[in-house]
Amino acid sequence: FRVETPAGQAPTPLSEVRLLLPRGLGVTTSDLGLETCLIAQLEQRGFSGCPADSLMGHGTATAEVPFGSSYVVERTKVLLFSGPLQDGHFQLLMLASGEKPVIANLVFPTLVLPARAPYGGAIDTALPLIPSVPEGPDVALVALKTTIGPAGITYYETIKGRRVAFRPRGILLPSKCPHGGFPFAARLSFTDGTQSVANTKVRCPG
């Protein structure tokens, strides 16, 4: 997603992002996330703190960082890891590693939750406030692009004492396509109490 802000206005920080998925999309039933990572490991050591078999996706994020009357754009890499269950729900851990001007490993817990029809599930991410400078406005996430799947990911298993690399299978696809295509939606909540909703459908394959 990308958040567009009217010219001359400062972007409002996000507080929550909810992505609604079509029925039958097996995010929690794939070969991804054979091991789990902990939030403390990511915050302290970044990517190297997690098992290789916990990586589930990767992408990029863009934030606007306020400095005086202007904004500095920071682009960071994003990695998704399998986290421990949270109240019985599958959890993803999103790691954004800032380098300049915000230098930090930021971890955003993400839950895979049930959703009402016509959707089958939701990926819900709560975004804590990220301070910029003392007594200054908070950092605003304005764009995020990430995958959940095996592209560019290598797992390892031990077979007869040898460490063997393999590519995990991706998430399961729905067995049937609903009339009109697969429905997706994004619901964004902002710290000022406003919300924004976007809907789309992916065409059924021929």
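Just so you know, these numbers use all the heavy atoms, side chains as well, and skip hydrogens, waters and symmetry mates. All figures in this text were calculated on a predicted structure; none of them were measured in a lab.
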Taking side-chain hydrogen bond (donor to acceptor under 3.5 Å, both in side chains) as the definition, give me every residue that meets it alongside T12, ordered by chain and number, with sequence neighbours left out. none
Only pairs at least two apart or in different chains count here, so list each side chain to side chain donor-acceptor pair (under 3.5 Å) that has a residue in [range].
range: residues 141-150; result: none
range: residues 32-49; result: none
range: residues 84-96; result: none

Donor-acceptor list for residues 116-124 side chains, cut-off 3.5 Å, not counting sequence neighbours:
from, atom 1, to, atom 2, distance (Å)
D124, OD1, R18, NE, 2.9
D124, OD1, R18, NH2, 3.3

Kindly give the heavy-atom pair with the smallest separation between [X] and [Y], and that separation in Å.
X: L38; Y: L93; value: C-CD1, 4.0 Å
X: V78; Y: T60; value: CG2-C, 3.8 Å
X: L25; Y: P174; value: CD1-CD, 3.9 Å
X: L144; Y: A61; value: CD1-CB, 4.0 Å

Could you tell me which residues satisfy salt bridge (Lys or Arg N to Asp or Glu O under 4.0 Å) with R169, sequence neighbours excluded, listed by chain and number? D31
Pairs under 3.5 angstrom only: tabulate donor-acceptor contacts from the side chains of residues 197-206 to other protein residues two or more places apart or in another chain.
none

Donor-acceptor list for residues 149-166 side chains, cut-off 3.5 Å, not counting sequence neighbours:
from, atom 1, to, atom 2, distance (Å)
Y155, OH, G33, N, 2.8
Y155, OH, D53, O, 3.3
Y155, OH, L55, O, 2.6

Hey, can you pull the donor-acceptor pairs under 3.5 Å for the side chains in residues 177-196, sequence neighbours left out?
from, atom 1, to, atom 2, distance (Å)
S189, OG, Q195, NE2, 3.2
T191, OG1, P13, O, 3.4
D192, OD1, T194, N, 3.1
D192, OD1, T194, OG1, 2.6

Any pair with a residue in residues 18-62 that passes disulfide bond (SG atoms under 2.5 Å apart), sequence neighbours left out, goes on the list, sorted by first then second residue, please.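 Every pair satisfying disulfide bond (SG atoms under 2.5 Å apart) with a residue in residues 18-62: C37-C50.
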